[in-house]
K.L.:
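Could you have a look at this structure, given as structure tokens, before my questions?
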Amino acid sequence: MKLITAIIKPFKLDDVRQAVTEMGVQGITVTEVKGYGRQRGHTELYRGAEYVVDFLPKTKLELAVTDDIVEQVVEAIANTARTGKIGDGKIFVTQLDEVVRIRTGETGGEAV
Amino acid sequence: MKLITAIIKPFKLDDVRQAVTEMGVQGITVTEVKGYGRQRGHTELYRGAEYVVDFLPKTKLELAVTDDIVEQVVEAIANTARTGKIGDGKIFVTQLDEVVRIRTGETGGEAV
Amino acid sequence: MKLITAIIKPFKLDDVRQAVTEMGVQGITVTEVKGYGRQRGHTELYRGAEYVVDFLPKTKLELAVTDDIVEQVVEAIANTARTGKIGDGKIFVTQLDEVVRIRTGETGGEAV
Amino acid sequence: MTQLKTLLTRFRNALRLASPALLVASLLAPGLAFGAETPVADKGDTAWLLTSTMLVILMTIPGLALFYGGMVRSKNVLSVLMQVFMTFCLIALLWAVYGYSIAFTSGSAFFGGFDRLFMSGLTVESLAATFSKGVYVPEMAYFVFQLTFACITPCLIVGAFAERIKFSAVLVFMVFWFTFSYLPIAHMVWFWAGPDAYTDAEAGAAAGATAGFLFQKGALDFAGGAVVHINAGIAGLVGACFLGKRVGIGRSSFQPHNLPMVMIGTCLLWVGWFGFNVGSNLEANGLAAQVFANTILATAAAALAWSFAEWAFRGTPTMLGAASGAIAGLVAITPACGWVGPMGAIVIGLIAGLVCLWAVTKLKAMLGYDDSLDVFGVHGVGGITGALLTAVFCDPSLGGTGVYDYVANAVAPYSMSAQFIAQLWAVGTTVVWSGVVSMAGFALVKATIGLRVSEDQEREGLDTVSHGESAYT
Amino acid sequence: MTQLKTLLTRFRNALRLASPALLVASLLAPGLAFGAETPVADKGDTAWLLTSTMLVILMTIPGLALFYGGMVRSKNVLSVLMQVFMTFCLIALLWAVYGYSIAFTSGSAFFGGFDRLFMSGLTVESLAATFSKGVYVPEMAYFVFQLTFACITPCLIVGAFAERIKFSAVLVFMVFWFTFSYLPIAHMVWFWAGPDAYTDAEAGAAAGATAGFLFQKGALDFAGGAVVHINAGIAGLVGACFLGKRVGIGRSSFQPHNLPMVMIGTCLLWVGWFGFNVGSNLEANGLAAQVFANTILATAAAALAWSFAEWAFRGTPTMLGAASGAIAGLVAITPACGWVGPMGAIVIGLIAGLVCLWAVTKLKAMLGYDDSLDVFGVHGVGGITGALLTAVFCDPSLGGTGVYDYVANAVAPYSMSAQFIAQLWAVGTTVVWSGVVSMAGFALVKATIGLRVSEDQEREGLDTVSHGESAYT
Amino acid sequence: MTQLKTLLTRFRNALRLASPALLVASLLAPGLAFGAETPVADKGDTAWLLTSTMLVILMTIPGLALFYGGMVRSKNVLSVLMQVFMTFCLIALLWAVYGYSIAFTSGSAFFGGFDRLFMSGLTVESLAATFSKGVYVPEMAYFVFQLTFACITPCLIVGAFAERIKFSAVLVFMVFWFTFSYLPIAHMVWFWAGPDAYTDAEAGAAAGATAGFLFQKGALDFAGGAVVHINAGIAGLVGACFLGKRVGIGRSSFQPHNLPMVMIGTCLLWVGWFGFNVGSNLEANGLAAQVFANTILATAAAALAWSFAEWAFRGTPTMLGAASGAIAGLVAITPACGWVGPMGAIVIGLIAGLVCLWAVTKLKAMLGYDDSLDVFGVHGVGGITGALLTAVFCDPSLGGTGVYDYVANAVAPYSMSAQFIAQLWAVGTTVVWSGVVSMAGFALVKATIGLRVSEDQEREGLDTVSHGESAYT
Ligand SMILES: Nc1ncnc2c1ncn2[C@@H]1O[C@H](COP(=O)(O)OP(=O)(O)O)[C@@H](O)[C@H]1O
Ligand SMILES: Nc1ncnc2c1ncn2[C@@H]1O[C@H](COP(=O)(O)OP(=O)(O)O)[C@@H](O)[C@H]1O
Ligand SMILES: Nc1ncnc2c1ncn2[C@@H]1O[C@H](COP(=O)(O)OP(=O)(O)O)[C@@H](O)[C@H]1O
């Protein structure tokens, strides 16, 4: 099992959710985060003060998936979240040693 | 060392914290998240509009623990967080390559 | 590639960001979290009620970096975030299997 | 039918039918030949009128702005606040430039004249008539009081097209609609020569003929059920249809982002509404106190009705429901507040709470429009409910005040059916007039600068897109 | 002791002792035989009374609601807002149906009569007495002003059992307590025949005998120290005991979820309190201005006292402390505000700030009840402090106004000890009466529909559980 | 030049030049020989004055506090709320102790006397003069009204050094600055003997000689352009310079943490400003209504001007811009509101919106100070703009009221240039006086208890560091 972590533009959440649901992803966890990548903070003039806005609001998705669909899911996320402009985001994939489903106590692939 | 990530119902936080503390867990990090699993969004009628409430508020716990207590801790969390109803949550376990304790600079098991 | 997760005192964010940027880190994701470690909750007297303040506000940083700079970055974070007082925080390092840059579709080290 | 005509003629001629009106000091002079003394404004009345004016402003900014702002998603809250705030500012200036003149000086039965363009002739000495013979208030106080009505009405419409409209489109539409719908309707309903003109039957008939169209029809609208609420509610409905549904409706969550903000807004609306309704009495007297009581009781009844109905049908009484009920009650009591007794007010509130709940749940679902914050369901439907029930509970036998005959200087015999027809005239005229003007306005804006932001912009949120800011950091 | 009795008899008979009272126009008629003119309400007084009424509403919704709502955890904020809002609406209707009649018409010394059931006989012409002979206000204005007092008092209790009570239990308890505690206490303290009845010693004695029980005892309660604050404070204490402690108390954090919201609430309470205290004067005159000054100065002094004490003992002055201090000062000056001079008000404020700080820290810890938002510590203890200090600073030699003898038409000689005993009567009676009624009410609710949500529901939060909503999304 | 001198002498002697003033009842007695009746306060005036007082409080707490609190980062919001709240409380007490006496009793042209220390002699019967002969208000009402001006002015300064100052430093500085800058400037601008003293040229000359320094210069400041806004604006500028820049300025984001909070604050400031400006008229008459109209129109114009300019230059009109514009308009119309016509008010608003936008963007950047919330850019610059434009639009030929000659009992011939010079006197004196006092004050605090928290504390946030609390949990 893998944990896919995607950092996307907030307004893409709906689309991405729909895309991955169609691929059979059973659950998602969403966190509001801030961040920057190569899309660096920009300078903003605001009521007289120049402010450096370093961190822009982003949405972080975490999806635990079984190994077989990892690639498709990553691709689906990337395709749906892409606008072609800076700040589109990143996807990270990490190994999941174990998954437990609390209600039933199931573990492993069943539990995802 | 392992990183245990548990996504639970928010009002179970107090109980879970107490349970894991008793097992010798030294620290917890808590994040407010939203999510859905097999507990899907429900449709809600609200002042005339029907809304699909996809994401429900959940609490994410992250606990770095030494390998020896991983299993007990996972079990303790699962048992305490269980209500038997949908939406009880998930536990993910991942490998931790390194841990550093900032104040002292200690690393590894010491640092957890 | 590694994912460095650092939990630091919120007001150290600016300094840490600057330090890691100088090391060539290209992106950061920041989450507001609460937590406790050996810095336990303290008891507070507030308008008559004694409250246990378990969880203190912390800032979580996530940085995906290539393997070659992991150690330096971890050290830089630890050094910058250190105040010498309890509650300075922790750094966790985990393995990253894959990274995708959404805008370009690049993967691996390129994408970080 | 003949009887009815006679009745309406009588109404047209002499009765104390509608809300405030203006008498320019210069016009007053001849009238003064009859009385011995120059009238002087009572300072207690002036104090209350200024207080009321302040309250209607409080009701709009921040009241209405917060009520609406709390109900949208957090990415759109600033856009709603700005639309309300800027509309308020814009209309305030237009009111001084031409609005007041067109609404409250004599012209045709549909539009006023240009005597007060740029407030010319409006001095600190000019007086305006009240509903009591020989009682005047400073015309400048009447000017500012009515300014606030002119400002809040367009702001009400904002709720209908929230979360998807262009900022520039809002401003342009507002100017158009204010000019061609608000001003004429206000003139039709509220303009009259004042009570001192009704010295005898003949003078009364002459004076009556100078009044606004709906005033002449005998329509009762104490504080703006038709002028403000039906007027805005219809514009909202038209707007919701023109704009189309928000992206994601039915699929994603559109829960209010901040219900305590909605609650603050509701309370400030209620508090400010005392200025709106009670101030419309123009005098600080016993009737003012009764209008005050009615405004509390109808609102409380409507909030309870909505909440308990929700409790019964949905399982839990919600804060949003209680707030919506309160607003429904306030809207419905607005036309009625000076004509009905407290028990009548309670019944009006109970009915309005249930009817508006039905409108925003069943009717809206049936018709399928996306009126973001239920401007039509609450202001349109509540306003119509209140306008019609005014005819019922104005009846002295049901505790109402009846209608005063300024020629006879006594309460006139009351015919509920005749009054009901007069109220239907007011409702019908407002619905049609506002509907047509709104369609023209939205069509015009759509054809020129466009109404709606792009889909991507809508997803990103209007705060960033239209104002370059985020509400919370 | 004999001397004391004499004194009390004198008080009982003739003095200007308590807050407003009512004189029905019809009752007035005979009295008018003495004077030549029909009294007419001054429009300045009416304007101020309506303004004050509006302010007391602002003070409750949103003021009190926000003050309380900000102090609870975010999962319970809507439940508190709803409890306050719905209680307000419910009591407003009950006030019109029977409350006003029972509180402010003549009956026994403990309960009024049924003359005004459903507001019958209360017209736009009826007048109510003030504290000055020959000065009247519209009874309808008096009705709405007193309505707001009746509404806010039960709302105050909400703070005591916040975060764990069932919504239905709140509503049922409120109806019970309002009927059996608020109404009789209001009647006991405030009902009298009005000053014009005190034409001579005999007439004064006759009039005095018709007044409420505590009025006859000579208790001074200008704006509701006993009727509102002690009354509600005791009910809160009883409620906190009946409900039991919140789950997790002492283990988890119960920090206020939104202190700026608490601050807004505090400020609106303060602002609204000018209506509460100054409106209780019923006239817009020099004494009204002094009540206004007292309400500012006592509050400022109390906020400073609490903050500086906290700074000294805790290390930092908190916003919550400053807010709590301000409320403590407002509560304590309430009974005193029309009887004491500005310097007396400052001293009352300083004392109240320190006493209430002690009550919510030490006393509460000693007694071990969980009064969620310190209703007893602030309103109960603050109200008692103010009621007793009224006797001290009413003394003309300490800058107070003394007590007016309406028979002699002059300020009467002042006895601090006698007045202190009268105040003790008011405090004691209210404590016992409200205590007993509250116990009965909570026991009744507990035995029937139950008081408290389940532990799991409490953990989940009342917003979701009782109202199906979340405050913030 | 000689002509000018003559003009100024005339001003000095007789004219209706400035805001309110006080006439103690005892001083009044001789004057009463001329009239037959003892003057009595009109209850309508009193009602409006009390309402206005309440509004100025609403404007400060919570209005100003929220306006400022929403603009800082969330870690400092409570510190700003506390600074405003505690300053308000502290100054209220000092006003009663010595402030009122020094500002509004007769002494030199720069400081008043000690007759009213601890409010001695100020009873419920004392009267204060208005601007109309023979019209008085309760002195106690005048006392509380002016108290609110004294309280809000220091609070305005808080915005300049927000996010980095020690709490104790705020309190100490405020006491110093209030005593040595606010009180004398208020005395210089507003103290005079009242209109009834101007019975003939000689008496007028004698009365004029007892007035404050700037009153004698003929400066017009209806509601406090110089006394309040320039005064506070300069103190803010000096404070920003003394404190130095916030840590991280230019590198990190200093975006407002809660713009809806800023919006609520703005609206409450606007609403409360009606008390500030219109209350300064002291009477509820036609002129009061005109002041009301001016306060709406100038503000609306300024908000539109700022927003549209921002739209043009920045690409989007921001909520913060609209709010800032509104405040700029309010500030600028403050000195002018009783002297100019509505069209003049609109022009003043338009100019002030643009000038203040320039000040907070260009001027601030040029000078390089870190005035956290633009106290100088808005209150200082806006106040100066308004003070100078008052001379322009007071001109009767531009719709202004001109200046009243109380000896001739008619409007005096108007000289714009003479009035402009009088306004320059007011601006110049206030800038220099407040500048010097502020420098002394900040230097004193810096040398003793220190001005600024440590860098680490500043990063952590003042809420935790100075008050031991977090705003939101
Ligand atoms: N190396 C990284 N480590 C952690 N988070 C990152 C990294 N790079 C990007 N992010 C996250 O992804 C978001 C979007 O990144 P983006 O600007 O699109 O990156 P890039 O331009 O480098 O592809 C950032 O705001 C940040 O939250
Ligand atoms: N596959 C998953 N990947 C990421 N998060 C998940 C996944 N499944 C569940 N979650 C998280 O756990 C929460 C509770 O899940 P739940 O509905 O109890 O899952 P299930 O019914 O599938 O066991 C969800 O709201 C979501 O935040
Ligand atoms: N074992 C752990 N697992 C997860 N998070 C931890 C752990 N230990 C510490 N943290 C996080 O780091 C923050 C700071 O920890 P700190 O009190 O400095 O830890 P310690 O004193 O144990 O080094 C905590 O608030 C918590 O969020």
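The structure displayed is predicted, hence computed values, not measured ones. The sequence lines fix the lettering, A, B, ..., with proteins before strands; numbering per chain opens at 1. When reading the values below, keep in mind they use all heavy atoms of this one structure, side chains included, and skip hydrogens, waters and symmetry mates.
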K.L.:
OG1 of C:T94 to CG of B:D97: how many Å apart, nearest 0.5 Å?
P.N.:
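The OG1 atom of C:T94 sits 6.5 Å away from the CG atom of B:D97.
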
K.L.:
Between C:K60 and B:E62, is the closest basic N to carboxylate O distance under 4.0 Å?
P.N.:
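Answer for the salt bridge query: yes.
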
K.L.:
State whether the number of non-hydrogen atoms from other residues, nucleotides or ligands found under 6.0 Å of C:E71 atom CD is greater than 12.
P.N.:
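For C:E71, atom CD is not crowded (no more than 12 foreign heavy atoms under 6.0 Å).
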
K.L.:
Supply the atom-to-atom distance B:M1 CE to C:F92 CZ, rounded to the nearest 0.5 angstrom.
P.N.:
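Rounded to the nearest 0.5 Å, the CE-CZ separation comes out at 9.5 Å.
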
K.L.:
For B:E32, does the CD atom have more than 12 heavy-atom neighbours from other residues, nucleotides or ligands under 6.0 Å away?
P.N.:
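Count not over threshold, so no.
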
K.L.:
Sub-3.5 Å donor-acceptor pair from the side chain of C:K90 to the main-chain atoms of B:A111, do we have one?
P.N.:
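Here the side-chain-to-backbone pair exists.
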
K.L.:
State, with a plain yes or no, whether a side-chain heavy atom of B:T29 is found less than 4.5 Å away from one of C:K58.
P.N.:
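No, their side chains stay 4.5 Å or more apart.
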
K.L.:
Give, for atom NZ of C:K9 and atom CZ of B:R103, the distance between the pair rounded to the nearest 0.5 Å.
P.N.:
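These two atoms lie 9.0 Å from each other.
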
K.L.:
Assess whether side chain to side chain contact (heavy atoms under 4.5 Å, CB included) is satisfied between B:Q26 and C:Y36, documenting all intermediate values.
P.N.:
CA-CA 8 Å; B:Q26 300 270 16; C:Y36 68 90; over 6 Å; no

K.L.:
Side chain, backbone, both or neither: which part of C:E75 has a non-hydrogen atom closer than 4.5 Å to chain B?
P.N.:
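Neither part.
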
K.L.:
Going from CG on B:L96 to OG1 on C:T5, what distance comes out if it is rounded to the nearest 0.5 angstrom?
P.N.:
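Taking CG in B:L96 and OG1 in C:T5, the distance rounds to 8.5 Å.
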
K.L.:
Checking C:T31 against chain B: side chain, backbone, both or neither under 4.5 Å from a heavy atom?
P.N.:
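Answer is side chain: those atoms of C:T31 sit under 4.5 Å from chain B.
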
K.L.:
Just verifying a value: how many Å separate B:L61 CG and C:K34 NZ, rounded to the nearest 0.5 Å?
P.N.:
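B:L61 atom CG to C:K34 atom NZ measures 12.0 Å (nearest 0.5 Å).
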
K.L.:
Is C:R82 reaching over with its side chain to a backbone N or O of B:I102, donor-acceptor style, under 3.5 angstrom?
P.N.:
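Yes.
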
K.L.:
Check each atom of B:L63 against the heavy atoms of chain C and say whether the ones under 4.5 Å are side chain, backbone, both or neither.
P.N.:
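Neither part; nothing is under 4.5 Å.
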
K.L.:
Would you say the side chain of B:V99 lies within less than 4.5 Å of the side chain of C:I91, judging by non-hydrogen atoms?
P.N.:
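Result no, sub-4.5 Å side-chain heavy-atom pair not found.
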
K.L.:
Does atom CD of B:E110 have more than 12 heavy-atom neighbours from other groups under 6.0 Å away?
P.N.:
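No.
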
